[in-house]
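Heads up: numbering here begins at 1 and tracks the sequence.
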Amino acid sequence: MSRCTKAFIHKNNLKHNIEQIRKFINPDVKLCFAVKADAYGHDAVLTSKIAEECGADFLAVATVEEGIELREAGITIDIILLSLCTPEEMPYLFKYSINPLIFNEENIKFLSDAADEYFSDNADGNCTKFNVFLAVDTGMGRIGCYPEEAGEQASFINSRKHLKLEGVCSHLCVSDGISEENISFTKKQGERFRIAVENIRAKGIEPEIFSCGSSAALLAYPELHFNMIRPGIIAYGYYPDEVTEDYLKSFGKDIKLKPVLSFETKVVAIRTIKKGESISYGRTFICEKDTRIAVLPVGYADGLLRRFSPGLCVTINGKNYPVRGRICMDQCMVEIGFDSDVKLWDRVVIFGPEESGALNTADTLAKIGNTISYEVLTSISKRVKKYIVE
Ligand SMILES: *Cc1c(COP(=O)(O)O)cnc(C)c1O
């Protein structure tokens, strides 16, 4: 038994995107796929297994629990924790081999103390070294040390009994913008990252991994690939904001991404609504004439956000029909009128790739909801089960 509101993960499209990404970068650049937030709503386990098959080098998660979920599902490739965790969670980093970002004396000490407690030394005196990444703040204003402090922090990490600096990471904040200002700031971030690297090397430390950018940098800033790049959104088939297919084409770069997820449901009732009657909470839609509506068992608790109505149309048998009135927690209504061939139990596609029969993508919904594809995708809730299709 399964509910009719579900999401399909189009495996071939995910593979296609990963292949396109591979072709876009030098062969010696490692790929770290962001599978945080349940792989942007795509089901982290399903997605990570495919990414692993396609030769991903690393996976990136945001919480320790996300990392544990992948390990328990049998994922063996390296996992990086991008956000910070608390001391109670730290033993699980060691147990499940999830390598965190750290950057200041405080969080290095906490992790180091937890590691000292967790790892007991071998009889021959060799002690386990746990790999960590140094986060550098080159302008994101989130986590990280300043480039000038990077050498010192790197030394401090390597001075700890059970820690070893595996890599250095930073994050760009306007690499998805194409204004002159954004481009020059991104370049400046690259320069700051290089300063951090120099400072680390000046201490006689040579980390293995240098990583600065996500999807947008992968597409638009080859000089900022260093030896690892961390794409998320493009693997799921969406361009990061202004770095679109057309923008890339304008300087001769060619990449064609395909949306991976289709969000689908079925018509569970068709009703005739009389002229003057209203639809849904708040009575925001009043029927100007007699009409027919289809009731769909999908609502904002599934990730179909309230702010998508008015504006959203959904696709039934290749045609778009408008959502009327407010989207409820678990249901919504679309107007099909009297001329359509829509029948009870017909399949409804909210968004997805072409081959799902969708006329919308997550970008269509993002525009309507005044947000970005990332939020549309990550809003799809756990209640919506994900199924793989070829
Ligand atoms: C989310 C995230 C990424 C991936 O970003 P996309 O824009 O989806 O490619 C990479 N690095 C860090 C630190 C992130 O938080």
Side-chain angles (χ1 to χ4, degrees), residues 2 4-24 33-35 37-51 53-54 56 215-216 218-219 231-241 243-249 254-266 296 298 302-305 308 311-321 323 334 346-369 371-381 384-390:
S2 77
C4 67
T5 299
K6 37 180 105 161
F8 292 95
I9 305 305
H10 297 255
K11 184 176 179 178
N12 289 336
N13 290 6
L14 180 58
K15 283 183 161 173
H16 164 90
N17 295 338
I18 296 176
E19 278 160 20
Q20 293 276 300
I21 290 167
R22 268 281 178 224
K23 271 196 229 151
F24 218 76
F33 281 103
V35 294
D38 206 25
Y40 294 40
H42 290 60
D43 191 310
V45 170
L46 295 184
T47 307
S48 298
K49 284 190 172 160
I50 298 168
E53 269 175 43
C54 293
S215 293
L218 189 151
L219 297 176
I233 197 72
I234 55 175
Y236 306 107
Y238 293 93
Y239 295 88
D241 203 15
V243 180
T244 59
E245 193 181 347
D246 287 343
Y247 173 71
L248 292 164
K249 247 190 208 136
D254 191 22
I255 187 165
K256 180 91 195 139
L257 303 172
K258 298 178 177 178
V260 171
L261 180 144
S262 63
F263 189 12
E264 307 185 12
T265 186
K266 282 186 175 166
L296 311 181
V298 59
D302 298 302
L304 196 67
L305 306 177
F308 293 150
L312 178 66
C313 292
V314 298
T315 312
I316 312 175
N317 306 329
K319 272 185 71 179
N320 262 357
Y321 297 94
V323 173
V334 299
D346 275 353
R347 195 170 143 263
V348 179
V349 193
I350 298 161
F351 71 84
E354 262 170 43
E355 56 269 36
S356 67
L359 296 175
N360 299 325
T361 66
D363 279 330
T364 326
L365 274 68
K367 238 185 227 124
I368 295 164
T371 181
I372 52 177
S373 59
Y374 298 71
E375 194 185 6
V376 173
L377 295 169
T378 56
S379 294
I380 297 177
S381 70
V384 179
K385 300 242 161 55
K386 319 301 183 303
Y387 300 87
I388 288 194
V389 289
E390 291 295 321

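In this view, E245 and K249, K256 satisfy the salt bridge (Lys or Arg N to Asp or Glu O under 4.0 Å) rule, not counting sequence neighbours. Evaluation of the side chain to side chain donor-acceptor pair (under 3.5 Å) rule for K15 yields no partner, not counting sequence neighbours. For K386, there are no salt bridge (Lys or Arg N to Asp or Glu O under 4.0 Å) partners two or more places apart in sequence or in a different chain.
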inquiry  = Walk me through whether I380 and F263 qualify under side-chain contact (heavy atoms from CB on, under 4.5 Å).
reply    = CA-CA 9 Å; I380 297 177; F263 189 12; 4.3 Å; yes
request  = Apply side-chain contact (heavy atoms from CB on, under 4.5 Å) to the pair T47 and F33, showing each step before the final yes or no.
outcome  = CA-CA 10 Å; T47 307; F33 281 103; over 6 Å; no
request  = Please test L304 against L312 for side-chain contact (heavy atoms from CB on, under 4.5 Å), starting from the C-alpha separation and ending with a verdict.
outcome  = CA-CA 10 Å; L304 196 67; L312 178 66; 3.8 Å; yes
query = Would L248 and V243 count as a side-chain contact (heavy atoms from CB on, under 4.5 Å) if you check the C-alpha gap in whole Å, the side-chain angles of each, and the deciding distance to 0.1 Å?
reply = CA-CA 7 Å; L248 292 164; V243 180; 4.0 Å; yes
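Looking at heavy atoms from C-beta onward, E264 lies in side-chain contact with S356 at the 4.5 angstrom threshold. With contacts defined as side-chain heavy-atom distances shorter than 4.5 Å, the pair T364/V376 does not qualify. Contact check for Y321 versus V348: no side-chain heavy atoms found under the 4.5 Å cut-off.
K11 NZ: more than 12 foreign heavy atoms inside a 6.0 Å radius.
No side-chain donor-acceptor contact under 3.5 Å links N360 to the backbone of T315. Remark: side-chain polar atoms of Y238 are paired, donor with acceptor, to backbone N or O of A362 under 3.5 angstrom.
Between atom NE2 of residue H10 and atom CG of residue L261 there is a gap of 7.0 Å, rounded to the nearest 0.5 Å. Rounding to the nearest 0.5 Å places CG of L14 at 9.5 Å from CD of E53. Atom SG of C313 and atom CG of L365 lie 10.0 Å apart (nearest 0.5 Å). Atom OG of S215 and atom CG of D241 lie 12.0 Å apart (nearest 0.5 Å). The NZ atom of K6 sits 9.5 Å away from atom OG1 of T265, with the distance rounded to the nearest 0.5 Å. D363 CG to T371 OG1: the interatomic distance, rounded to the nearest 0.5 Å, is 10.5 Å.
Listed here is the closest heavy atom pair of L257 and Y239: N-OH, 3.2 Å. Among all heavy-atom pairs drawn from A34 and G232, the shortest one is CB-CA, 3.8 Å. Pairing each heavy atom of G318 with each of L359, the nearest pair is O-CD1, 3.6 Å. Between P259 and P353, the closest heavy-atom pair is O-CB, 3.3 Å. Contact record, V389 with F8: CG1-CD2, 3.6 Å, taken as the closest heavy-atom pair. Counting all heavy atoms, side chain and backbone alike, A39 lies closest to A44 at CB-CA, 3.7 Å.
Classified by interplanar angle (parallel below 30°, tilted 30° to 60°, perpendicular above 60°), the ring pair Y236/H42 is tilted.
E355 and N13 are linked by a side-chain donor-acceptor pair at a separation below 3.5 angstrom, with hydrogens and angles left out of the test.
Between I233 and the choices N17, I372, L377, the side chain to side chain contact (heavy atoms under 4.5 Å, CB included) rule is met once, by L377.
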